2 protein chains.
Amino acid sequence: MTRSEENYIKAIYHLSGGGMHSVPTNAIATQMDTQPSSVTDMIKKLSDKEYVHYKKYRGVHLSEKGINTALTIIRKHRLWEVFLADKLDFNWDEVHDVAEQLEHIKSEKLIDKLDEFLDFPKYDPHGDPIPGKNGELAQRSLQLLSAMKPEEEGICVGVKDSSVSFLKFLDKHNIALGDHIKILDVEEFDESLNILIESKKLHISKRIATNLFIKPIPA
Amino acid sequence: MTRSEENYIKAIYHLSGGGMHSVPTNAIATQMDTQPSSVTDMIKKLSDKEYVHYKKYRGVHLSEKGINTALTIIRKHRLWEVFLADKLDFNWDEVHDVAEQLEHIKSEKLIDKLDEFLDFPKYDPHGDPIPGKNGELAQRSLQLLSAMKPEEEGICVGVKDSSVSFLKFLDKHNIALGDHIKILDVEEFDESLNILIESKKLHISKRIATNLFIKPIPA
DNA sequence: ATTAATATTTAGACAAATCTAAAAATTAAT
DNA sequence: ATTAATTTTTAGATTTGTCTAAATATTAAT
């Protein structure tokens, strides 16, 4: 597996909803910021190696082998993100780019030991589940902040939009992973929320609320 | 800097005694297990980018810029080795190959944070000094086991020959980094040594003794 | 000081991953 | 059901790092 092949597999995995449906060539080109012709070339190679099923003009579908490969890469990516955030004090908006490099390091022992060192985390700093050694994916036991009702409480465990700008915004407003959140009330007018975050009052737009994952605390 | 360029710079650094003397093309080819013609090609590129000084048929000499680049790579390599050995419980004969990959990760912040996380180590698991952020290299305050005299004591802190076979050998005989060593006597016949290692008697050939670094404990 | 041996470079080719421009297939629109 | 618009593929070129084989320079040996 070359680095480039791995990146294609990963992109296809994400675009296909975890290998559920097939993906058009152009979507891959857009996602990876390359030309469609390059995608066609690479797809042929991946098809020869049986990572994907491919019929000309009909898009690509990940094979079983392709899905497992994708999960391995994603496992590595997310474990490294946890390492960077938990051990090296990176902010959650800084972990992605470095993890993008680290995910290509080849050593099974390294990943198993890292997993152990981090205490077998289930979720990465964005709240995304970390695939297990055998590819099993934990369900997110989460809900969006926007789906919560007054008086409900929870812990902020992830973001839906993991763009750098959103993560920067959260840092600026002192919203961090692990923060305790309680809903005070919901404005009827624009569905914005008044919340208590770590006991401090804060007003939050609907837009933001639909991008924050909360692990609910039962009342 | 491509990965390949970095590997050449590193090889030249080691072969030239830290940039002291110049290095013939063939030596680089041998060290890197490639063809001399490939070396010539790469050297031209490195020369264009001013990492090395190069006169046809006269070998290569690292420039100031080249030396600094080499030190940065070596710093990364050795810090990762410490991480693998100290935090992930790798044996010292297992750290090299993985560090060889990790040394190419590009992120200054990552390395600085890693350095801090590891408590600013001065030496890697083989006893080699770790270059500082500004390229300064600690002197080894070490001596070879073969240079020690009866009754002297010390701590085993490194190996000179870091080949996998030697490291495996040490593992097998339960000689580990940090072990306490006391010289009992030296055989006149073959200069082999009788030592006490962690209070257990052991007979060691001269060959081995010349490849183990000891930090002496003043009597 | 030639000649022989060795080291180094040049020239030309190749595989991987990409690109541009043109051709072909599919889909959408009338 | 054609035609137009869009998507996808093909063909051919480019860059990076490598190789082999041949040519050239340097060094060692007589």
Side-chain angles (χ1 to χ4, degrees), chain A residues 1-17 21-63 66 69-70 73 100-101 103-106, chain B residues 1-17 21-63 66 69-70 73 100-101 103-106:
Chain A
M1 276 258 97
T2 69
R3 176 169 299 230
S4 188
E5 286 169 347
E6 289 189 346
N7 285 331
Y8 273 93
I9 296 272
K10 197 174 46 137
I12 297 168
Y13 180 89
H14 288 309
L15 290 167
S16 67
H21 38 85
S22 87
V23 183
T25 306
N26 261 18
I28 302 172
T30 305
Q31 163 91 7
M32 301 196 61
D33 204 24
T34 68
Q35 297 314 114
S37 56
S38 310
V39 176
T40 305
D41 287 345
M42 179 55 86
I43 280 171
K44 279 182 190 156
K45 204 201 303 184
L46 292 176
S47 177
D48 287 346
K49 297 189 177 181
E50 308 204 285
Y51 289 106
V52 300
H53 301 301
Y54 169 58
K55 275 254 165 73
K56 274 189 196 176
Y57 295 100
R58 291 276 97 115
V60 226
H61 203 111
L62 278 179
S63 69
T69 304
I73 301 165
E100 202 78 359
Q101 298 181 62
E103 73 188 3
H104 297 291
I105 302 291
K106 281 165 186 55
Chain B
M1 276 258 97
T2 69
R3 175 169 301 229
S4 188
E5 286 169 348
E6 289 189 348
N7 285 331
Y8 273 92
I9 296 273
K10 197 173 46 134
I12 296 168
Y13 181 89
H14 288 309
L15 290 167
S16 67
H21 38 86
S22 87
V23 183
T25 306
N26 261 18
I28 302 172
T30 305
Q31 162 91 6
M32 300 196 61
D33 202 25
T34 102
Q35 297 314 114
S37 56
S38 310
V39 176
T40 305
D41 287 345
M42 180 56 85
I43 280 171
K44 278 182 191 156
K45 203 200 306 183
L46 292 176
S47 177
D48 287 346
K49 296 190 177 180
E50 308 203 286
Y51 290 105
V52 299
H53 301 298
Y54 170 57
K55 275 252 165 74
K56 274 189 196 177
Y57 296 99
R58 292 277 97 118
V60 225
H61 203 110
L62 278 180
S63 68
T69 304
I73 301 164
E100 202 78 357
Q101 297 181 62
E103 73 189 1
H104 298 291
I105 302 291
K106 281 163 186 55

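All values reported here derive from a predicted model rather than from experimental measurement. We name chains A, B, ... by the order of the sequence lines, and we start the count at 1 in each one. No hydrogens, no waters, no symmetry mates; every other heavy atom, side chains included, goes into these values.
Distance, K44(B) NZ to dT18(D) C1': 14 Å, rounded to whole Å. Distance, D41(A) CG to dT20(C) C1': 12 Å, rounded to whole Å. As rounded to whole Å, 14 Å separates atom C1' of dT18(C) from atom CD of E5(A). Whole-Å rounding puts the R58(B) CZ to dT24(D) C1' distance at 14 Å. Atom C1' of nucleotide dT27(C) and atom OH of Y57(A) are separated by 13 Å, given to the nearest angstrom. Rounded to an integer number of Å, the gap from CG of N7(A) to P of dT18(C) is 9 Å. Rounding to whole angstrom units, CD of residue E6(A) and P of dA16(C) are separated by 16 Å.
T25(B) and P36(B) make their closest contact through CG2-O, 3.7 Å (heavy atoms, listed as atom of the first residue, atom of the second, distance). When all heavy atoms of S22(A) and R58(A) are compared, the pair lying nearest together is OG-O, 4.0 Å.
Contact check, Y54(B) against dT9(C): a side-chain N or O comes under 4.0 Å of OP1 or OP2. Contact annotation: S38(A) side-chain N/O to dC19(C) OP1/OP2 distance is under 4.0 Å. Within the 4.0 Å cut-off from OP1 or OP2 of dA7(C), not a single side-chain nitrogen or oxygen of K56(B) is found. For Y8(B), no side-chain nitrogen or oxygen approaches OP1 or OP2 of dT16(D) to under 4.0 Å.
Nucleic acid contact class of T40(B) (heavy atoms, under 4.0 Å, all strands): base.
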(Q) Checking K106(B) against E6(B) for the salt bridge (charged side-chain N to carboxylate O under 4.0 Å, His left out) test, could you report, in this order, the C-alpha distance in whole Å, the side-chain angles of both residues, the deciding distance, and whether it holds? (A) CA-CA 12 Å; K106(B) 281 163 186 55; E6(B) 289 189 348; 3.2 Å; yes
Q: Kindly determine whether E5(B) and K10(B) satisfy salt bridge (charged side-chain N to carboxylate O under 4.0 Å, His left out), including the steps that lead there.
A: CA-CA 9 Å; E5(B) 286 169 348; K10(B) 197 173 46 134; over 6 Å; no
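Mapped onto DNA chain C by nearest heavy atom, M42(A) and V23(B) fall at different nucleotides, with V23(B) at the one closer to the 5' end.
For DNA chain C, the residues of residues 27-37 of chain A within the heavy-atom distance limit of 4.0 Å (strictly under) are T34(A), Q35(A), S37(A), sorted by number.
Side-chain contact between Y51(B) and I43(B): absent, with no pair of heavy atoms (C-beta onward) separated by less than 4.5 Å. You'll find the side chain of K55(B) stays beyond 4.5 Å of the side chain of H61(B), heavy atoms only.
Of the possible polar contacts, none joining the S38(A) side chain to the T34(A) backbone as a donor-acceptor pair under 3.5 Å is found.
The nucleotide whose nearest atom lies closest to any side-chain atom of N26(B) is, among dT10(D), dA7(C), dT18(D), dA7(C).
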